[in-house]
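These notes concern the structure reproduced below.
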There are 2 protein chains.
Amino acid sequence: MSFTPRPSLVQIAEQVGVSPATVSRAFNRPELLNDATRERILATAKRLGFRPNKVGSSLRSGSTKTLGLLLPTLANPVFAACFEGAEARALEAGYSVMLATTGYDSQRERTAARSLLDHRVEGLILTVSDPSTSATLDELTASDVPFVLAYNESDSHPFVSVDNHAAAGDMVEYLMACGHRRLAMISGPLDASDRALRRLEGVRDRATRLDLPAPIHVSMPQHTAADRGRLKSLMASPKPPTALFCSNDLLATAVIAELSSLGLRVPRDLSVCGFDGMAFGALMVPSLASVHQPSFEIGSQACQELLSALGGEGSRSMRLPHRLFGGDTVASLSHQAVQPSHCHS
Amino acid sequence: MSFTPRPSLVQIAEQVGVSPATVSRAFNRPELLNDATRERILATAKRLGFRPNKVGSSLRSGSTKTLGLLLPTLANPVFAACFEGAEARALEAGYSVMLATTGYDSQRERTAARSLLDHRVEGLILTVSDPSTSATLDELTASDVPFVLAYNESDSHPFVSVDNHAAAGDMVEYLMACGHRRLAMISGPLDASDRALRRLEGVRDRATRLDLPAPIHVSMPQHTAADRGRLKSLMASPKPPTALFCSNDLLATAVIAELSSLGLRVPRDLSVCGFDGMAFGALMVPSLASVHQPSFEIGSQACQELLSALGGEGSRSMRLPHRLFGGDTVASLSHQAVQPSHCHS
DNA sequence: TGCATGAATGAAAACGTTTGCAGTTTGAGT
DNA sequence: ACTCAAACTGCAAACGTTTTCATTCATGCA
C-alpha cells in the first residue's frame, strides 16, 4: 500500500512517452493533437487519476479563474440568493468563487478583501456599508482588480441594485392607497447601510409629494433585531403610526414578533411591511408585504458585469426592476382598529 | 498615467537591493532579518502596494491555505449558518474558503467537488444526499484529500451532525406529551436526503416504543415546497393526523402556508413542527416548533476536525446536542378542534 | 593570531503548468 | 524527385514564490 502523491503533468508525459507540452494540450487544446495521442494521454491520465493542477496553471497563465464575493452575512437570505445568482453565472463562465462574509464590519471587510486579492481573484463582487466612504473600495480601486457593487448604489463605481429610493416610495404609495397616512420607517443603524438611508429618503420624499405627514423614523441598534423599548414607545405616542415600513424583511419579521409579544396583532392592529422580498416572506402567515428585489438576478448580473469587465468591455451600472409584493401584513386601514386596543401608556 | 501590473517579489528585491529570498523572509520569517533590512523591505513593499502572490507561494510550498465547502443550497438558512461557522473557524486558522452549492443534484455535486480539488483545496467540508451511495465521496476517498461530512451521518466517513434518529424521536415524545397520537411525517424525496430518512425512522421507532399508532409518511416532490394535493388528501382521510412533523423548517413553513390556504389554521386546527431550528422560525407568529440543530457549530466543528486532520491528527466523528424548541405551532390537543372544521371531501 | 560560532544574506533549484518557436513528418501537387 | 504546406510534437523559458545550502562577515575566545 504505497502512498502516491497526486501525479503531475510530467508523470503522465513520462508514462505515455510524450512531452509535457503535449499532455497539457490534451486538456486545453485537444483539437491540436493526433486522435490516437490524445486518447492515449487521456486514458492514462484517467487511469492514474490525474487532473491538471490549477495552481501551476494559474501561475503560468496569469489567470486563476476565480472570483471573489464579499457579503455582509449569509444569515440574510437576500445575500444568500445573491451568492447563488453570482455562483451560477460564474460557473457558466468556468469560474469558481471564493466567498467571505464581513458581518457589516468594515475592519473585517478590509482584511477579507485583501485576502481575496492575495489569492489573485480576478474580480470582486461586494456589498459595502457605504460606497462613498469605504476604505476597502479605495484599496480596490488602487489595485487594478475590477469589481462590481451589489445592492449599493454609487456615482463613482459600477453597481447592480434596485432603485432603492423609488422602490421605497412605491411602497409608501401603496400604503397610502390602503388608507394609511401616519407612517413610521424602522431601520437598523443608518451609517451601516446606505440602502437603508436611501430607502428612508425615498419614503420621506414620496410622503411629501403625496401630502402625507412626515413619517417618523426609528432606528434600531441592530440591522436585524427589534428593540422592544423603542417599539413600545413608538406605539405609545398619542397618534401612533398605522403602518410600519421596515428597511428589510428580517427586521420586519422581528418587529412583528415583538409587536405580537406586546399584544399587537398584524395586520389587525397595525400594518407592517418590509423590504427585500425574501422567498420566505411569502410563506409566512400572514404573508409579509415587501418590496421585492431580484436578489438572484442582482448576483448573476453583477457577475455578468464583472465578466464583461474582465473581457475588457467595461461594466455598466444597472438598476434592476423591483416589484411590490402586497402581502397580508398590510391591511386597508378600514379593517384595522383605529386605535390599537392593547397598548396603553 | 502608466499601467503598472502588480509588482512581484523580485521587483521589490531590485528596488531595495536585496535578493528575492530576503524579501520572502521579510514576510514569512521576519525574525531572521536584520531590523534595518526588514524595515526597508516592508516600507518599499507598502509604497509599491506589494502583497505576496499566493499562487506562487501555493505552488512552491504545496499549500493553498484554502478549504472547500460543498453544500446543497444557501437558500436554506441552516446551510448558510453552517457556512458561517466553518468560515469563522477557517479564518482563525488562516484559511480561505471556496464555496460551491449543489442544488441537491449529484451531478453538480461531482463536478463541483472536482473543481474544488482542481483548485487544490486542502480539505473539504460537504453535505451529500446519501453518504453510503455517494460517488463523490468515493472520488474524494480515492484522492488523498481529507474531508468531513456535515449533517450527514456515516459509518465509514468522519462527520459532524446531530443524532437525527434520537432528535426526531424526542420531538415525537414531545408531541405525545401534548396529547397527540395520530402523527404524520412529511418529508421531501427520501433518496435525496439521508437526514430525512433517519428522522423518519426515528419517528417510527419512537412511536412504536410509545405505543402510538404508526405515523403516516407523506413524501413531497420537493424538499422545500408543499404539494397542495397530497396535503389535502392527507387531511381528508377519515382519521387525519392531529400533528404534522416536517423533516425541515422550510418545508414546515410551506406546509403551514398551504394549510392556511386550505382554511386550516395552525395550531388551532392542527399542530405542525419542523426540524432545523432556523433562527427565523422563532420569529414567526406563531413561532415554529422545531428540533434545533446547532448549525453554526456544525460548520465550525466540521472545520475544526478538518484542520486537525490536516495537522495529521485524524478527525473524529461527532454528534452535537440538539435542542427541542417547543414553539407555538404545536398546541396541546385539548386546545385543538378535534376534527378540522374546514376540510371536506 | 587562529578558529569556531552565529548572524545575515545570497544563489539556485524547485513547484506544475503554458506557450512561442522550431523541428519533424506526412502527403499532395508538380 | 522536389517543394511546400499542413499537421503534429518537442524544447525551453517563463510565472512568483520558498527553501536548502552556501557564503560572507563580524565577533568572541583561547
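Numbers restart at 1 for each chain; the letters A, B, ... are given by sequence-line order, proteins then strands.
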Rounded to the Å, how far apart are A/Glu31 CD and C/dT19 P?
12 Å

Are OP1 or OP2 of D/dT17 and a side-chain N or O of B/Ser24 less than 4.0 angstrom apart?
no

Between D/dC15 and B/Asn53, is there an OP1 or OP2 to side-chain N/O distance shorter than 4.0 Å?
no

By the 4.0 Å heavy-atom rule, please label B/Phe50 as base, sugar-phosphate, or nothing.
sugar-phosphate

Checking contacts here: which listed nucleotide (D/dT17, C/dA12, C/dG16) is nearest the side-chain heavy atoms of A/Arg60?
C/dG16

Residue closer to the 5' end of DNA chain D, B/Gly56 versus B/Arg29 (nearest nucleotide)
B/Gly56

Without decimals, in angstroms, what is the distance between B/Gln11 CD and D/dC15 P?
9 Å

Which nucleotide wins on minimum distance to the side chain of B/Ala21, given the candidates C/dA11, D/dT17, D/dG16?
C/dA11

Checking contacts here: which listed nucleotide (D/dA12, C/dG16, D/dT19) is nearest the side-chain heavy atoms of B/Arg25?
D/dT19

Please determine if a side-chain N or O atom of A/Thr37 lies less than 4.0 Å away from the OP1 or OP2 oxygen of D/dT9.
yes

First of B/Thr22 and A/Leu9 reached from the 5' end of DNA chain C, by closest nucleotide:
B/Thr22

Has A/Ser57 got a side-chain N or O lying under 4.0 Å from the OP1 or OP2 atom of C/dG16?
no

Side chains of B/Val148 and B/Val160: closer than 4.5 Å at any heavy-atom pair?
yes

Taking only Lys NZ, Arg NE, NH1 and NH2, and the carboxylate oxygens of Asp or Glu, determine whether A/Lys65 and A/Glu122 approach each other closer than 4.0 Å.
no

Rounded to whole Å, the CZ-C1' distance (A/Arg40 to D/dC8) equals 13 Å

A/Ser154 and A/Asn152: side chain donor to acceptor below 3.5 Å
no

Just by modelled atom types, is the A/Pro131 backbone N or O under 3.5 Å from a matching donor or acceptor in the A/Ser134 side chain?
no

Looking at A/Ser19, I'd like to know whether one of its side-chain N or O atoms comes within less than 4.0 Å of OP1 or OP2 on D/dG10.
yes

